[in-house]
Amino acid sequence: MKLAVCIYEGPYNHEASDSAYNFIKAAIAKGHEIRGIFFYHDGVYNVTRLMEPPQDDRHIANRWSELGATGIDIVVCIAAAKRRGIVDEVLVPNVRISGLGQLTMMAIEADRMVIFGD
Amino acid sequence: MSEESKKKIMFTVRKPPHGSIYVYEGLEVKLIMAAYDADISVVFMDDGVYALKAGQDTKELGIKGFEATYGVLVDYEIQKVFVDRQSMEARGLTEEDLLVIGEDEDTEEPIRPKMVDASEIASMMAEQHNILSF
């Protein structure tokens, strides 16, 4: 199945980011295709390279970046990002800022859109 | 693209309009998505029905309100707007409380969201290609 994943919540503060990550890893392991990952609302904070969590904790931004390196399209909403001070300069590699049109295409092209957040 | 071949995408609005940004940013998604080749519908339920209450004033909250944008949903080609009857009744709201989302092109009659039962919402949901919740 072709899946798209949308994440609404910021990292560490909420489990949405972790749940989404684990879901995606499990889906890939089962042979599903990830059409794309879209960060919206406070979710845009998930991919800033300025985060520096304690060394014995997971590094959420790097984890998304590694997933992006496998070729999965990871998109940060530009409108939500601008509101929150997330710009190209602070992004981890393998992630891009783009518009809600990308979310639209994911919703149209994916068999299922799975949303993580409140 | 013909109406039949368009992908059906539904938005559900379940949160109150103020107190968090979900509903406001969710509205931005609807306006963008309406410009694409998709069959868009929106259903307001639970505390989301408060988003459709006419006469909201956000001045004291110090935030920009978005009731005016809901008032022109029809102009954005978002015509399929529904509200859950049970959620309305549970909150003491009636059809008269609902804001106008546009006017009929021919008759110029005001268009309001359509009140529907949970069973109707369930059957509409079953037809969707994807559902996004805000």
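Hydrogens, waters and symmetry mates play no part in the numbers below; they use all other heavy atoms, side chains included. In what follows, chains are A, B, ... by sequence order, proteins preceding strands, each numbered from 1.
- More than 12 heavy atoms of other residues, nucleotides or ligands lie within 6.0 Å of CZ in Arg63(A), so this atom counts as buried by the packing criterion.
- Contacts of Ile21(B) with chain A are made by both backbone and side-chain atoms, with heavy-atom separations under 4.5 Å.
- Under a 3.5 Å cut-off, the side chain of Asn130(B) and the backbone N or O of Ile108(A) do not form any donor-acceptor pair.
- Taking the six-membered ring where the residue is Trp, Tyr22(B) and His41(A) present perpendicular rings, their angle passing 60° and hence far from 30°.
- Placement of Phe11(B) and Ile121(B) in two distinct hydrophobic clusters is found when ILVMFWY residues are connected by side-chain heavy-atom separations under 4.5 Å, directly or transitively.
- Under a cut-off of 6.0 angstrom, the local environment of OH in Tyr76(B) is sparse, with at most 12 non-hydrogen atoms contributed by other residues, nucleotides or ligands.
- Neither the backbone nor the side chain of Ala4(A) comes within less than 4.5 Å of any heavy atom in chain B.
- Counting heavy atoms of neighbouring residues, nucleotides and ligands inside a 6.0 Å radius, atom CD of Glu103(B) exceeds 12 of them.
- A salt bridge links Glu25(B) with Arg84(A); the closest basic N to acidic carboxylate O contact falls under 4.0 Å.
- With a 4.5 Å cut-off on non-hydrogen atoms, Leu132(B) touches chain A through its backbone and its side chain both.
- Using modelled atom types, one side-chain atom of His129(B) and one backbone atom of Ala110(A) make a donor-acceptor pair closer than 3.5 Å.
- Hydrophobic clustering places Tyr70(B) together with Met88(B) (ILVMFWY residues linked when any side-chain heavy atoms are closer than 4.5 Å, directly or through intermediates).
- Residues Val114(A) and Val76(A) share a single hydrophobic cluster, defined by chaining ILVMFWY side chains whose heavy atoms lie under 4.5 Å apart.
- By the rule that hydrophobic residues join a cluster once side-chain heavy atoms approach within less than 4.5 Å of another member, Phe38(A) and Val5(A) end up as members of separate clusters.
- Note that the OG1 atom of Thr104(A) and the CD1 atom of Ile9(B) stand 7.0 Å from one another [nearest 0.5 Å].
- Summarising the local packing, CG of Asn13(A) is surrounded by 12 or fewer heavy atoms from other residues, nucleotides or ligands at distances under 6.0 Å.
- Note that the OH atom of Tyr8(A) and the OG atom of Ser20(B) stand 11.5 Å from one another [nearest 0.5 Å].
- For chain A, the nearby part of Lys15(B) is the side chain; its heavy atoms alone come within less than 4.5 Å.
- In this structure, chain B has a heavy atom under 4.5 Å from the side chain of Ile115(A), while its backbone stays farther away.
- Nearest heavy-atom pair, Glu28(B) versus Ala79(A), reported as atom, atom and distance to 0.1 Å: OE1-CB, 4.3 Å.
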